Amino acid sequence: NAFKMALISTGVGAIVVALGAFVGVMLKAAKTGAAFGKAVSTLKGISGATKTELTALTDQAKQLGATTAFTASQVIELQTELAKLGFSAKEVGAAAPAILDLAASLGVGLAEAAEFAGSTVRSFGLDASETGRVVDVMASAAVNSAQNFGSLESFKLAAPTSRALGVSLETTSALLGALANNGLKGSIAGTGLSKTFIQLAKRGMTLQEGLDAVTNSSDKLNTAVKLVGIIGAKTLLTLAASGDDIAYLTAKMEEAEGTAAALAKIKLDNLAGDMTKLGSAWEGFLLGIEDGTGMMVAMARSVVQATTAFIGFFTSTKQVSDGMQEQKVALYQQESALAVLDAK
């Protein structure tokens, strides 16, 4: 440090230090750009996006990476996960921003958030443009009930039945939230609700009719078992006793718009959040210099490819030379053997 300060105190030293810093930034930009370019290639291979679509997705990744808690490379990974779920390039672009809010608001990884939100959208038969609605309902469920991201898997199990019976995402969320408040979470809640729906549908009854039958019965347990079986009885009994809770949660789910973004903003409103956003902005700056398609990476690729070709040529030349040497040795041995025979 003393030597560095001594250099800076002179005009030449300041130039040397500044040049060193500049070179360091350029090298970091080249490395970041190379990693980003690799991630883009993976996205291209999985999504099958056209050149125009890929450009739109990479531009979106850079923009979101520079302005959110996630880097551009992480956004590309999110886009790739959505592509794996069968989302088209257009659908990926529509869904990505909302899923970033979900991951930030609930503190989960992008891959997990993408898999969950994407599968929920598909399970309820919704369009990718409604991903924001799904994300907001999930965030509201986590805020207003005893559910967390781990227990939200209940949606995957209940969604197909809810969709078949025309039960909305918001109503399903409210029902699962009421179950969670009574200790029934995750797969237990999802399976129980789905089983309840199925058994009541077999009897030609709606959920509300089933709830009323249990509520008005003098033998609630046996009535529930008779209506939906042993597995669903626990769910039906719990819901029958949670009328006020269901009404409250339904109202919260129906006014959930913007919940995920607001929660994500609150969670980042601290020094740790500021540092996270600074890191994302720094990567955005580096990608502005080199995003994997610029001159630095092109030059580096040319050097690497030329070196690889040279090594390959040298190796093949050496193999030919070794082969010729072996032939000479074999010929010499044959001539020596003939000479011995002639002598005899």
Side-chain angles (χ1 to χ4, degrees), residues 102 105-106 108 116-117 119-121 123-126 133-256 259-260 263:
L102 177 65
S105 63
L106 299 186
V108 297
F116 173 76
S119 61
T120 302
V121 167
S123 296
F124 276 95
L126 303 175
R133 172 189 169 195
V134 172
V135 164
D136 285 332
V137 169
M138 300 303 102
S140 182
V143 170
N144 294 296
S145 73
Q147 295 187 91
N148 53 36
F149 185 78
S151 64
L152 288 177
E153 66 173 312
S154 56
F155 277 87
K156 298 180 183 179
L157 298 171
T161 311
S162 294
R163 177 185 180 184
L165 295 175
V167 180
S168 71
L169 169 70
E170 288 78 10
T171 299
T172 302
S173 179
L175 295 172
L176 291 172
L179 292 173
N181 289 346
N182 287 276
L184 302 180
K185 300 180 182 181
S187 60
I188 295 175
T191 302
L193 184 59
S194 182
K195 184 74 172 179
T196 298
F197 278 148
I198 292 171
Q199 293 302 318
L200 289 175
K202 284 182 178 181
R203 293 178 173 275
M205 300 175 66
T206 65
L207 176 62
Q208 189 58 54
E209 290 172 339
L211 295 176
D212 290 340
V214 172
T215 301
N216 297 326
S217 173
S218 59
D219 189 354
K220 293 179 173 53
L221 176 58
N222 285 327
T223 299
V225 172
K226 180 180 178 180
L227 289 175
V228 297
I230 296 175
I231 296 177
K234 181 167 52 178
T235 297
L236 189 58
L237 285 168
T238 302
L239 292 176
S242 304
D244 292 341
D245 206 11
I246 293 172
Y248 169 78
L249 289 172
T250 299
K252 286 295 184 181
M253 297 307 120
E254 291 177 348
E255 59 185 31
T259 299
L263 185 57

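Keep in mind that the numbers below use all heavy atoms, side chains included, and drop hydrogens, waters and symmetry copies. Fair warning: this is a prediction, and the values are worked out from it, not measured in the lab.
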How many angstroms lie between atom OG1 of Thr235 and atom CD of Gln199, to the nearest 0.5 angstrom? 11.5 Å
When you measure from the side chain of Ser151 to the backbone of Asn148, do you find a donor-acceptor pair of N or O atoms at a distance under 3.5 Å? yes
Are the side chain of Thr171 and the backbone of Ser168 linked by a donor-acceptor contact shorter than 3.5 Å? no
Distance check, rounded to the nearest 0.5 Å: Leu200 atom CG versus Gln208 atom CD? 11.0 Å
From CG (Asn181) to OG1 (Thr238), nearest 0.5 Å: 11.0 Å
Closest heavy-atom pair, Ser242 versus Asn182, reported as atoms and distance to 0.1 Å, is OG-ND2, 3.4 Å
Is the shortest heavy-atom distance from the side chain of Glu170 to the side chain of Arg133 under 4.5 Å? yes
Side-chain heavy atoms of Lys195 within contact of Val228, under 4.5 Å: no
Is any side-chain heavy atom of Leu207 closer than 4.5 Å to one of Leu175? yes
For the student: nearest non-hydrogen atoms of Asp245 and Ala178, plus distance: OD2-CA, 3.8 Å
So do the side chains of Val134 and Leu126 get within less than 4.5 Å of each other, counting heavy atoms only? yes
Rounded to the nearest 0.5 Å, what's the gap from CG on Leu193 to OG1 on Thr172? Could you check? 6.5 Å
Taking all non-hydrogen atoms of both residues, which atom of Ala117 and which atom of Val135 are closest, and how far apart? CB-CG2, 4.5 Å
Tell me the closest heavy-atom pair linking Met205 and Leu227, and the distance in Å. SD-CD2, 3.8 Å
Taking everything shown except Lys226 itself, do over 12 heavy atoms lie less than 6.0 Å from its NZ? no
For the student: nearest non-hydrogen atoms of Thr161 and Ser194, plus distance: OG1-OG, 2.6 Å
Return yes if some donor-acceptor pair links the side-chain N/O of Lys185 with the main-chain N/O of Ala146 below 3.5 Å, else return no. yes
Can a donor-acceptor pair be found, under 3.5 Å and without considering hydrogens, that links the side chain of Ser119 to the backbone of Phe116? yes
Is a donor on one side and an acceptor on the other found under 3.5 Å between the side chain of Ser217 and the backbone of Ala213? no
With rounding to the nearest 0.5 angstrom, report the CG to OG1 distance, Leu236 to Thr215. 8.5 Å
Would you name the heavy atoms of Glu209 and Gly204 that are closest together and state the gap between them? OE1-O, 4.0 Å
Between Ser140 (side chain) and Asp136 (backbone), is there a donor-acceptor pair under 3.5 Å? no
Does atom CD1 of Ile231 have more than 12 heavy-atom neighbours from other groups under 6.0 Å away? no
Which distance, rounded to the nearest 0.5 Å, do you find between the OG1 of Thr120 and the CG of Leu169? 8.0 Å
Within a radius of less than 6.0 Å around CG of Asp244, do more than 12 heavy atoms belonging to other residues, nucleotides or ligands occur? no
